[in-house]
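Here's the structure we're looking at; comments come further down.
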Amino acid sequence: MTDQPPKESLQVQRIETRYRNAPHFNWYQPDLGQLTEFIQQPIWTLSTWSPEHVEMIGSHSSDMILLVDNTYVGSFAFNAVKIEIASQLLPGEENYQELLTGNLKKFVAEQIWLHHKSTNSARFIIEYLYEFNGRNRELDRKLRALPDGHDIIQMIANVITFMLLLHEVGHIAYSRGHYRSATAKDISAAINQVVGPNHTHERLEEEAFCDFFGLVNSIIELNRTEGWPAESLCNVATTALTAALLCVQTKEIALKYHSADEPLISMSPANNLFMARSQVAEVAINQAVKTENEHLVTPSRSLNIFADTLDIKKCWMEACNMPCLDDEVSNLSLLLAQAFCEPERGGFDHVVRKLNLLSPLHDLSKEL
């Protein structure tokens with residue numbers, strides 16, 4: 001094999017053109033174990049970090065398969081799952097609901113900043129650095145200090161990487177009819193249970209199949225190769241899928257955000273495609289883990305993780321409202337955001353001028 005996919009390929013040229021300016025950009029050939037036996041072409045993956053293109057891509061032709069592994073999506077899911085697992089393994093060490101909402105709010109603010117450069121979005125990014133960045137680092141340190149802590153963190157990353165890449169491989173499997181007959185019944189039953197047979201979501205059947213394909217195969221692979229219990233892998237993977245879908249949903253909401261001061265409107269997950277996929281996957285995969293015993297091995301590790309005890313969807317909807325922290329951190333964050341985003345205020349002179357007014361009895365919020 002060569003170190004790079006063939007550059008004469010139009011697919012490669014198109015994908016490179018789209019992502020060439022991303023901060024992280026390199027090609028590699030993923031090791032997907034036994035999960036792609038039905039595929040004859042070589043698989044090439046472009047690993048990139050691209051908040052502007054919140055998506056994973058799969059493309060195939062007669063001579064190769066190209067996947068885009070956007071680690072921005074993976075990092076969104078990783079942070080959410082890490083906080084969820086820490087809340088169960090390190091109870092009482094943090095206000096996990098607040099920490100999860102703060103992390104999600106930072107991603108919402110990043111997406112709004114990318115598309116609208118609003119003062120509010122800058123404010124919440126700065127607020128995250130003040131309030132939550134250090135808490136995330138401390139939580140990571142405590143998790144790694146646990147027995148098997150490093151392995152647990154690596155397992156989270158592996159689940160997310162496998163699941164997202166295999167979702168894209170699932171589109172190829174779906175188009176070629178592989179596995180469809182074995183899973184169609186379970187997926188159809190799950191769709192009927194979640195949204196009913198007369199739903200209006202386009203491509204829900206295919207996307208649900210690909211979600212299921214990525215979930216079930218990543219669970220089987222990591223159960224076999226790393227010895228994690230299938231039930232815990234299932235709960236980690238379904239939480240990660242929900243987080244990844246929320247990441248894509250966040251971009252869609254950010255694109256509709258027009259005012260720098262107008263809060264985002266909450267969107268109920270009940271009738272939206274992303275939330276439908278999340279719920280369908282959870283129903284289908286829980287059934288599959290019970291019936292796929294012949295593909296699983298007795299775990300060699302002990303880990304008992306439950307699914308989404310923090311209610312990530314609820315935290316995300318709160319984050320989309322972009323609530324302010326009612327304290328000095330929020331006020332200082334707004335002060336810096338105004339200096340960065342509103343040049344008519346005089347830039348950093350604005351910060352100095354306001355800070356000179358501070359005293360122990362002075363209320364900064366009245367000056368902003």
Side-chain angles (χ1 to χ4, degrees), residues 32 35 54-58 67-85 88 100 103-104 107 155-171 173-174 179 183 186-187 190-191 193-195 201 203-223 228 230-252 269-270 272-289 292 305-317 319:
L32 300 178
L35 307 180
V54 181
E55 61 193 354
M56 307 287 285
I57 295 176
L67 306 175
V68 173
D69 176 16
N70 189 349
T71 55
Y72 180 82
V73 179
S75 68
F76 183 101
F78 178 84
N79 284 322
V81 174
K82 184 176 72 173
I83 294 170
E84 170 68 47
I85 288 181
Q88 299 179 44
L100 178 57
N103 275 265
L104 295 174
F107 275 97
M155 177 269 290
I156 298 171
N158 290 343
V159 166
I160 292 169
T161 300
F162 267 93
M163 179 190 69
L164 294 178
L165 287 179
L166 287 168
H167 172 94
E168 300 308 326
V169 175
H171 284 290
Y174 185 88
Y179 297 99
T183 59
D186 285 342
I187 292 173
I191 290 174
Q193 179 177 329
V194 173
V195 294
H201 296 307
R203 298 187 65 205
L204 176 57
E205 179 184 333
E206 179 176 349
E207 292 296 339
F209 169 85
C210 297
D211 293 335
F212 181 88
F213 183 90
L215 286 170
V216 73
N217 284 305
S218 60
I219 290 166
I220 291 171
E221 180 71 8
L222 294 173
N223 166 257
W228 297 106
E231 292 81 3
S232 290
L233 286 171
C234 177
N235 292 332
V236 170
T238 53
T239 302
L241 175 64
T242 298
L245 291 170
L246 288 175
C247 183
V248 182
Q249 179 82 99
T250 299
K251 178 182 178 180
E252 292 205 352
N272 103 23
L273 175 62
F274 298 103
M275 295 304 97
R277 283 173 57 186
S278 171
Q279 293 167 23
V280 167
E282 185 175 345
V283 171
I285 199 65
N286 283 324
Q287 179 60 33
V289 168
E292 295 277 344
I305 296 296
F306 299 97
D308 199 12
T309 59
L310 295 178
D311 194 348
I312 185 174
K313 296 173 189 175
K314 180 179 178 181
C315 290
W316 174 77
M317 292 181 71

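Nothing here was measured: the structure is a model prediction, and the numbers come from that model.
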All ring pair (Phe, Tyr, Trp, His ring centres under 6.0 Å) counterparts of Phe76, not counting sequence neighbours = Phe107
ask   = So how far is it from Leu215 CG to Ile285 CD1, rounded to the nearest 0.5 Å?
value = 5.0 Å
ask   = Does Cys315 have any side chain to side chain contact (heavy atoms under 4.5 Å, CB included) partners at least two apart in sequence or in another chain, and if so, which?
value = Gln97, Leu100, Thr101, Leu104
Ser278: side chain to side chain contact (heavy atoms under 4.5 Å, CB included) partners, not counting sequence neighbours = Thr242, Leu245, Lys313
inquiry  = To the closest 0.5 Å, what do you measure between CD1 (Ile312) and OG1 (Thr239)?
reply    = 7.0 Å
query = If you look at every heavy atom in Ile156 and Phe78, which pair is closest and at what distance?
reply = CG2-CD1, 3.6 Å
query = Is the backbone of Phe306 close enough, under 3.5 Å, to the side chain of Gln88 for a donor and an acceptor to pair up by distance?
reply = yes
inquiry  = I'd like to know if the side chain of Thr161 and the backbone of Asn158 have a donor-acceptor N/O pair within less than 3.5 Å.
reply    = no
key: Closest non-hydrogen atom pair, Leu67 against Glu168   = CD2-CB, 3.7 Å
task = Of all the heavy-atom pairs spanning Ala77 and Ala240, show the shortest one and how long it is.
result = CB-O, 3.8 Å
remark   = Residues passing the side chain to side chain contact (heavy atoms under 4.5 Å, CB included) test with Gln193, sequence neighbours excluded, are Val283
inquiry  = Can you list everything that forms a side-chain hydrogen bond (donor to acceptor under 3.5 Å, both in side chains) with Thr309? Sequence neighbours excluded, please.
reply    = Glu84
query = Could you state the interatomic distance from CG (Asn79) to SG (Cys247), rounded to the nearest 0.5 Å?
reply = 11.0 Å
ask   = Distance from Ile160 atom CD1 to Lys82 atom NZ, nearest 0.5 Å?
value = 10.5 Å
inquiry  = On a heavy-atom basis, which atom in Ala237 and which in Met163 lie closest, and how many Å separate them?
reply    = O-SD, 3.5 Å
task = Output every pair passing salt bridge (Lys or Arg N to Asp or Glu O under 4.0 Å) with a member in residues 273-288, not counting sequence neighbours, ordered by first then second residue.
result = Glu207-Arg277, Asp211-Arg277
note = When rounded to the nearest 0.5 Å, the distance separating CD1 of Ile83 from CG of Leu310 is 8.0 Å
query = Can you check whether Phe162 reaches Asn217 side chain to side chain, under 4.5 Å on heavy atoms?
reply = no
query = Ala276 and Val194: which non-hydrogen atoms are nearest, and at how many Å?
reply = O-CG1, 4.2 Å
message = So does Ile219 get a backbone contact from the side chain of Asn223, meaning a donor-acceptor N/O pair under 3.5 Å?
response = no
message = If you compare all heavy atoms of Gly170 against all heavy atoms of Cys210, which two are closest, and at what distance to 0.1 Å?
response = C-SG, 3.4 Å
